[in-house]
Amino acid sequence: MTMMTDPVAAPSNPGWLHRSEAWLDSKGKGAWIAAMVLGFVFFWPIGLALLAYMIWSKRMFSKSCTRRKAWSHHGMRAMSTTGNSAFDAYKADTLARLEREQADFEAFLHRLREAKDKAEFDDFMDERARRARDDEGPRDDKREDNA
C-alpha cells in the first residue's frame with residue numbers, strides 16, 4: 001500500500017474561478033497576497049473570503065503554491081531506475097522492507113484500536129450490569145415493604 005494519491009484532474013471546461021485560481025497559483029504566493037490585499041481595499045468581504053480560502057487550502061503557510069505540482073512529479077521519478085543495478089536492488093529491497101513495516105504497523109494500529117474498543121465496550125457492559133444490580137436491589141426492598 002502506498003501513500004501517494006493521484007492529483008485532482010482539472011475539469012474539462014473550467015470556470016472563471018478555477019482559471020483565476022490556476023493563474024494565481026502559477027504566479028506564486030505573492031499574487032495570492034496581492035489579490036487578498038486588493039480585495040480588502042476595494043471590498044472587504046472579498047479580501048476576507050480570499051484570506052479564508054488561503055488558510056483553508058493551506059496556501060498561506062506553504063512554501064510556494066506551485067510546489068505541490070513539483071512534489072507529485074518528483075514522487076514518480078523516485079520509482080524509475082538509476083542505471084546502477086546494485087543501487088536499484090538496494091532501493092527495491094528497502095522499499096519492500098518499508099512497505100512490509102508499514103503494513104505491519106497498520107495491522108498493529110488496527111489491533112490496538114480493536115483492543116481499545118473492546119476494553120471500552122467491556123467497561124460499558126460492566127457499568128450497565130452494575131447499574132442494573134443497583135437498580136434491582138432497592139426495588140426488591142420496596143416490594144417486601146409493601147407486602
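Residue numbers run from 1 in the order of the sequence given.
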Query raised in the report: With sequence neighbours excluded, what pairs up with Arg97 under the side-chain hydrogen bond (donor to acceptor under 3.5 Å, both in side chains) test?
Result: Glu101
Query raised in the report: Looking at residues at least two apart in the chain, or sitting in another chain, which of them share a side-chain contact (heavy atoms from CB on, under 4.5 Å) with Leu48?
Result: Phe40, Trp44
Report task. Using side-chain hydrogen bond (donor to acceptor under 3.5 Å, both in side chains) as the criterion, list what pairs up with Asp93, not counting sequence neighbours. Result -> none
Report summary line: Contacts of Ala31 meeting side-chain contact (heavy atoms from CB on, under 4.5 Å) (sequence neighbours excluded), chain-then-number -> Leu24, Lys27
Query raised in the report: Listed by chain and number, what are the side-chain hydrogen bond (donor to acceptor under 3.5 Å, both in side chains) partners of Glu127, not counting sequence neighbours?
Result: Arg131
Report task. Kindly write out the residues that satisfy side-chain hydrogen bond (donor to acceptor under 3.5 Å, both in side chains) with Lys116, not counting sequence neighbours, or none if the list is empty. Result -> none
Report task. Taking salt bridge (Lys or Arg N to Asp or Glu O under 4.0 Å) as the test, write out the residues that go with Asp117, two or more places apart. Result -> none
Query - Minimum heavy-atom distance between Lys91 and Thr82, given as atom pair plus value - result: NZ-CG2, 4.5 Å
Requested in this report: Not counting sequence neighbours, which residues clear salt bridge (Lys or Arg N to Asp or Glu O under 4.0 Å) with Arg130? List them please.
Outcome: Asp134
Report task. Share the residues that join Phe105 in a hydrophobic cluster, the rule being Ile, Leu, Val, Met, Phe, Trp or Tyr side chains under 4.5 Å apart at the heavy-atom level. Result -> Phe108, Leu109, Leu112
Report summary line: Under a side-chain separation threshold of 4.5 Å, the hydrophobic residues clustered together with Phe121 are Phe124, Met125
Query raised in the report: Does the side-chain contact (heavy atoms from CB on, under 4.5 Å) test come out yes or no for His110 and Glu114, once each step is laid out?
Result: CA-CA 6 Å; His110 182 69; Glu114 284 181 349; 2.8 Å; yes
Query raised in the report: Between CG of Leu95 and CD of Gln102, what distance do you get to the nearest 0.5 Å?
Result: 11.0 Å
Report task. Please report the C-alpha distance between Ile46 and Phe42 in whole Å, then the side-chain angles of each, then the deciding distance to 0.1 Å, and finally whether the side-chain contact (heavy atoms from CB on, under 4.5 Å) criterion is met. Result -> CA-CA 8 Å; Ile46 292 174; Phe42 290 114; over 6 Å; no
Query raised in the report: If you link I, L, V, M, F, W and Y whenever their side-chain heavy atoms are under 4.5 Å apart, who else ends up in the same group as Tyr90?
Result: Phe87
